Engineer: 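Input: one structure, supplied below.
For the numbers below, each heavy atom of this structure counts, side chains included, while hydrogens, waters and symmetry mates do not. Quick caveat, the model's predicted, so the values are computed rather than measured. Chain identifiers are assigned alphabetically (A, B, ...) following the order of the sequence lines, protein sequences preceding nucleic acid strands; residue numbering begins at 1 within each chain.
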Amino acid sequence: AQSVTQPDIHITVSEGASLELRCNYSYGATPYLFWYVQSPGQGLQLLLKYFSGDTLVQGIKGFEAEFKRSQSSFNLRKPSVHWSDAAEYFCAVGPLTGGGNKLTFGTGTQLKVEL
Amino acid sequence: GAGVSQTPSNKVTEKGKYVELRCDPISGHTALYWYRQSLGQGPEFLIYFQGTGAADDSGLPNDRFFAVRPEGSVSTLKIQRTERGDSAVYLCASSLGGGREETQYFGPGTRLLVL
């Protein structure tokens, strides 16, 4: 079965510093990959997604992610973090086949931003 | 336009009781998903509807859980004989047609507490 690993449960960065959140997936082929953000009291919001093509994907709020097949990774990055980026971030993978798009999520990384 | 809405936002019940959780998807979205998010975990897939039919219910944990979408719009997740382990945030998402590349739009969730 497919799985997603987010090795870092908590990450703290200073405002203005760069950020990288790690995501590794277990899959036999190139999956559909997603990053979502969850702020307190808010629903999950899609930051970006990757299906094929250019392995560097741009998303909303200045985020980007790079798909690396050799490392089975899809890490999320941001050059300069803002205090409003403090939230929980989830990596997810979609199914290879079948109808629908039931997502398998990682356990999340809680981001704290120090002012 | 309006996003995905879920009611109630919070539900406290006693062990053994029956609960219903409601999801209003984005208008025109034929695909609807239910997920469950336990504390410290990522969302876990429960069931996927395409129109009125449950196309994939492989994530329902047992037969105490049931969901309907009789008119292809609003969906209700029903839990019988609730147990303390059912306490979690129940998330609903919708997408336009259910394609694997589509964005799922999540509601704010219903926080269920079983005492």
Side-chain angles (χ1 to χ4, degrees), chain A residues 1-10 21-25 27 29-53 57 59-60 67 76 87-110, chain B residues 2-7 9-10 23-26 29-51 53-60 67 69 75 88-111:
Chain A
Q2 63 210 54
S3 65
V4 176
T5 301
Q6 293 181 250
D8 304 304
I9 298 173
H10 299 281
L21 302 181
R22 295 185 289 165
C23 172
N24 293 94
Y25 64 90
Y27 230 43
T30 301
Y32 287 15
L33 294 158
F34 305 81
W35 273 101
Y36 279 85
V37 61
Q38 187 175 41
S39 300
Q42 308 270 330
L44 286 155
Q45 181 182 25
L46 181 70
L47 288 174
L48 46 79
K49 54 188 175 182
Y50 172 77
F51 304 132
S52 64
V57 181
I60 63 171
F67 170 66
L76 183 72
E88 188 149 27
Y89 291 79
F90 291 94
C91 182
V93 61
L96 275 179
T97 60
N101 189 19
K102 65 180 186 183
L103 299 175
T104 299
F105 286 85
T107 51
T109 297
Q110 185 72 46
Chain B
V4 178
S5 62
Q6 293 186 246
T7 54
S9 54
N10 291 279
C23 172
D24 265 286
I26 293 172
H29 281 193
T30 63
L32 185 146
Y33 303 81
W34 284 99
Y35 294 84
R36 178 168 70 173
Q37 186 175 17
S38 301
L39 195 62
Q41 301 296 317
E44 293 180 299
F45 169 80
L46 294 176
I47 186 169
Y48 155 62
F49 285 91
Q50 181 55 252
D56 184 350
D57 64 358
S58 61
L60 294 178
R69 195 185 184 200
S75 176
V89 177
Y90 289 81
L91 300 170
C92 176
S94 71
S95 69
L96 188 59
R100 291 190 289 138
E101 73 286 359
E102 291 179 0
T103 296
Q104 290 183 32
Y105 296 88
F106 283 80
T110 293
R111 187 175 299 276

Engineer: Does any heavy atom of chain B fall under 4.5 Å from the side chain of A/Y50, the backbone, both, or neither of them?
Structural biologist: neither
Engineer: Contact between A/Y89 and A/V37 at the side-chain level, heavy atoms closer than 4.5 Å - yes or no?
Structural biologist: yes
Engineer: Taking side chain as everything from C-beta outward and backbone as N, CA, C, O, which of these in A/L46 sits under 4.5 Å from a heavy atom of chain B? Side chain, backbone, both or neither.
Structural biologist: side chain
Engineer: Under 4.5 Å heavy-atom distance to chain A, tell me which part of B/E44 shows up: side chain, backbone, both or neither.
Structural biologist: neither
Engineer: Between A/Q45 and chain B, with a heavy-atom cut-off of 4.5 Å, which part of the residue counts as in contact: side chain, backbone, both or neither?
Structural biologist: neither
Engineer: Just wondering, are more than 12 heavy atoms of other shown residues or ligands nearer than 6.0 Å to OH in B/Y105?
Structural biologist: no
Engineer: Do the non-hydrogen side-chain atoms of B/Y33 and B/S95 ever get within less than 4.5 Å of each other?
Structural biologist: yes
Engineer: I want to check something: taking the side chain as every heavy atom from C-beta on, are A/P95 and A/N101 in contact at a cut-off of under 4.5 Å?
Structural biologist: yes
Engineer: Given a strict heavy-atom distance threshold of 4.5 Å, which part of B/S9 is in contact with chain A: side chain, backbone, both, or neither?
Structural biologist: neither
Engineer: Please rank A/Q38, A/Q6, A/Q110 by heavy-atom pairs under 4.5 Å with chain B and give me the top one.
Structural biologist: A/Q38
Engineer: Does B/D24 reach the side chain of B/T7, with side-chain heavy atoms less than 4.5 Å apart?
Structural biologist: no
